[in-house]
A.B. asks: 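Could you have a look at this structure, given as structure tokens, before my questions?
The sequence lines fix the lettering, A, B, ..., with proteins before strands; numbering per chain opens at 1.
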2 protein chains.
Amino acid sequence: MVSNKELQEKRMRGYFIDAAKETLKGEGLKAVNVRTVAERAGYSFATMYNYFKDLNELIFICVKDFISECEAFADEQTDQQTPGSMRLRARIRAMIQYFTQYPGIFELFYLERMNNIGARQPTAEMIYLFADRIIQNDLDQMISSGEISAPDAEMLKISLRNGVAGLLLFYNNRLQPGDYRKFTETAEKQLTYLLGLPGIRH
Amino acid sequence: MVSNKELQEKRMRGYFIDAAKETLKGEGLKAVNVRTVAERAGYSFATMYNYFKDLNELIFICVKDFISECEAFADEQTDQQTPGSMRLRARIRAMIQYFTQYPGIFELFYLERMNNIGARQPTAEMIYLFADRIIQNDLDQMISSGEISAPDAEMLKISLRNGVAGLLLFYNNRLQPGDYRKFTETAEKQLTYLLGLPGIRH
DNA sequence: TAAATATTTTTAACATTGTTCATTGTTTAT
DNA sequence: ATAAACAATGAACAATGTTAAAAATATTTA
């Protein structure tokens with residue numbers, strides 16, 4: 001049972017959160033500032049400070065929401081598949097797709113939030129755990145089916161997490177590879193490469 | 001033959017460049033701003049604009065210098081070794097060591113510079129090519145010795161570049177793994193893992 | 001209902017940082 | 001010695017995050 005006050009406060013926070021999320025998805029991180037977000041929400045910039053400690057807190061909430069959204073997207077893309085290496089690939093593919101669709105979110109996750117001293121530790125940990133969570137289920141399945149040993153699975157997990165972060169980091173800066181088609185091709189090859197390890201029984 | 005004017009101008013630029021580099025290595029990227037750098041150089045902040053287009057140009061020069069420094073460090077660490085997979089490992093180890101010794105430089109390379117719209121493309125490309133250059137020699141040797149095929153070498157190169165970037169990205173944010181000892185252990189394991197691929201003849 | 005009180009929103013102001021420009025001081029060439 | 005060129009600087013502006021007092025609005029109470 002929530003009071004009117006709580007409900008109203010939640011709505012107000014929602015306006016700002018939505019405005020920030022829209023801006024992040026659309027114009028990207030550099031367009032997010034107190035004044036533009038507040039304008040989009042339909043309030044003065046100072047009003048934000050009545051509902052959030054500071055801009056960091058607001059953006060932190062966006063990160064949490066985007067994590068959920070990305071996980072939901074991966075779930076949705078793979079709900080027909082059974083756990084295992086094929087689904088693992090599909091889930092990573094979904095994650096890559098999500099971040100390339102919203103470069104601003106990638107920037108937020110891997111460049112800005114992690115870089116931020118203030119909210120450093122908790123945010124970075126969240127992002128880090130999220131990347132692992134995306135693939136944990138399938139790795140467990142691969143272990144229990146004897147497809148891979150537990151230590152090899154651990155290495156695979158780290159390699160995938162780091163490799164995907166690096167892959168997106170370079171692509172996000174419009175470099176390598178140049179176009180999207182070539183990028184997905186490289187991503188697929190890299191997945192195949194990382195999954196083609198000696199420890200895995202094919 | 002350089003004129004006095006050119007010499008003097010070069011010196012002036014050097015004062016600012018050194019001040020910026022010291023600040024980056026010591027206090028990190030967030031401590032770098034026009035006023036602190038100029039103070040360290042012994043001049044007013046406005047003087048900087050007589051020698052550099054803007055702060056970006058100054059920092060861009062630092063990036064170039066750090067790239068050279070890191071390459072020199074890798075060369076120095078491996079000058080006793082012959083080209084091949086062992087030296088490849090050692091060179092990557094040197095690169096990782098360099099960036100963990102100077103977190104501010106990593107931040108600059110992979111988080112800030114790449115993130116910067118203005119100087120985006122050229123800087124990111126430079127950083128990207130530098131990472132490849134560190135290992136190119138040894139990869140070529142491995143190819144010509146028949147240790148690895150050219151296509152596999154290309155995949156290995158990409159995997160290493162992306163994997164190292166991701167590894168440093170997560171470690172730099174003080175997360176995974178917690179302490180330096182554990183970190184180097186993980187880095188070694190990951191190197192072994194990536195180099196232990198099916199395409200490589202052992 | 002009207003005054004008093006509490007809450008919410010906003011305007012004004014400040015701090016920090018990057019940047020530009022006019023002024024001032026200094027050097028150089030005639 | 002003086003005019004021209006050059007170098008260094010402080011004042012000022014713009015953008016952004018933040019705070020605090022003032023204004024507007026809502027709620028409570030007599």
A.B. asks: Output all residues satisfying salt bridge (charged side-chain N to carboxylate O under 4.0 Å, His left out) with A:Arg35, sequence neighbours left out; order by chain, then residue number.
C.D. replies: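 Partners of A:Arg35 by the salt bridge (charged side-chain N to carboxylate O under 4.0 Å, His left out) criterion come out as none, since no residue qualifies.
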
A.B. asks: Whole angstroms only, please: what is the CD-C1' distance between B:Glu57 and C:dG18?
C.D. replies: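 Whole-Å distance recorded here is 15 Å.
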
A.B. asks: Mind checking what makes side-chain hydrogen bond (donor to acceptor under 3.5 Å, both in side chains) contact with A:Lys25, not counting sequence neighbours?
C.D. replies: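 Here the qualifying residues are A:Glu69.
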
A.B. asks: For A:Phe170, is the NZ or CZ atom of B:Arg161 found under 6.0 angstrom from the centre of its six-membered ring and inside 45 degrees of the ring axis?
C.D. replies: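 Yes, B:Arg161 sits over the ring of A:Phe170.
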
A.B. asks: Classify every nucleotide of nucleotides 16-28 of chain D by which part a protein heavy atom approaches to under 4.0 Å, writing B for the base, S for the sugar-phosphate alone and - for neither, in 5'-to-3' order.
C.D. replies: BBBBB--------

A.B. asks: Taking only residues two or more places apart in sequence or in another chain, which ones pass side-chain contact (heavy atoms from CB on, under 4.5 Å) with A:Met155?
C.D. replies: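 Per chain and number, A:Met155 pairs via side-chain contact (heavy atoms from CB on, under 4.5 Å) with B:Lys189, B:Gln190, B:Tyr193.
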
A.B. asks: Excluding sequence neighbours, so at least two apart, what forms ring pair (Phe, Tyr, Trp, His ring centres under 6.0 Å) with A:Tyr49?
C.D. replies: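 Ring pair (Phe, Tyr, Trp, His ring centres under 6.0 Å) list for A:Tyr49, sorted by chain: empty.
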
A.B. asks: For B:Phe66, enumerate each residue passing the ring pair (Phe, Tyr, Trp, His ring centres under 6.0 Å) test, keeping only those at least two apart in sequence or located in another chain.
C.D. replies: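 Residues passing ring pair (Phe, Tyr, Trp, His ring centres under 6.0 Å) with B:Phe66: none at all.
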
A.B. asks: Between C:dT27 atom C1' and B:Met12 atom CE, what is the distance in whole Å?
C.D. replies: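 Interatomic distance, CE of B:Met12 to C1' of C:dT27: 15 Å.
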
A.B. asks: How many Å lie between CG on B:Asn50 and P on C:dG25, as a whole number?
C.D. replies: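 After rounding, the gap between these two atoms is 17 Å.
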
A.B. asks: Just wondering, do A:Asp152 and A:Ile143 contact through their side chains at under 4.5 Å, heavy atoms?
C.D. replies: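 They are not in side-chain contact.
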
A.B. asks: Which residues pass the side-chain contact (heavy atoms from CB on, under 4.5 Å) test with A:Asp75, sequence neighbours left out?
C.D. replies: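 Listed in chain order: A:Arg91.
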
A.B. asks: Which residues satisfy the side-chain contact (heavy atoms from CB on, under 4.5 Å) test with A:Asn137, sequence neighbours excluded?
C.D. replies: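 Result, side-chain contact (heavy atoms from CB on, under 4.5 Å) vs A:Asn137: A:Arg87.
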
A.B. asks: In this structure, how many angstroms lie between the P atom of C:dT8 and the CZ atom of A:Arg11, rounded?
C.D. replies: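 Whole-Å distance recorded here is 15 Å.
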
A.B. asks: Kindly list each side-chain donor-acceptor pair under 3.5 angstrom involving residues 15-24 of chain B, sequence neighbours excluded, with atom names and distances?
C.D. replies:
from    : atom 1 : to      : atom 2 : distance (Å)
B:Lys21 : NZ     : B:Asp65 : OD2    : 2.7
B:Glu22 : OE1    : B:Arg40 : NE     : 3.2
B:Thr23 : OG1    : B:Ala19 : O      : 2.8
B:Thr23 : OG1    : B:Arg40 : NH1    : 3.1

A.B. asks: Phosphate oxygens OP1/OP2 of C:dT9: is one of them under 4.0 Å from a side-chain N or O of A:Ser44?
C.D. replies: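 Checking C:dT9 against A:Ser44, no side-chain N or O comes under 4.0 Å of OP1 or OP2.
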
A.B. asks: Within this structure, what is the OH-to-P distance between A:Tyr51 and C:dT7, rounded to whole angstrom?
C.D. replies: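 Distance, rounded to whole Å: 12 Å.
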
A.B. asks: Where along residues 13-24 of chain A does a heavy atom fall under 4.0 Å from DNA chain D?
C.D. replies: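 Correct list: empty, so none.
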
A.B. asks: In degrees, rounded to 10°, what is the bend between the two ends of the helix from C:dT1-D:dA30 to C:dT30-D:dA1, using five pairs at each?
C.D. replies: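 The angle, to the nearest 10 degrees, is 30°.
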
A.B. asks: Who are the side-chain contact (heavy atoms from CB on, under 4.5 Å) partners of A:Ser145, not counting sequence neighbours?
C.D. replies: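 If we apply the side-chain contact (heavy atoms from CB on, under 4.5 Å) test to A:Ser145, skipping adjacent residues, the hits are A:Gln141, A:Glu147.
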
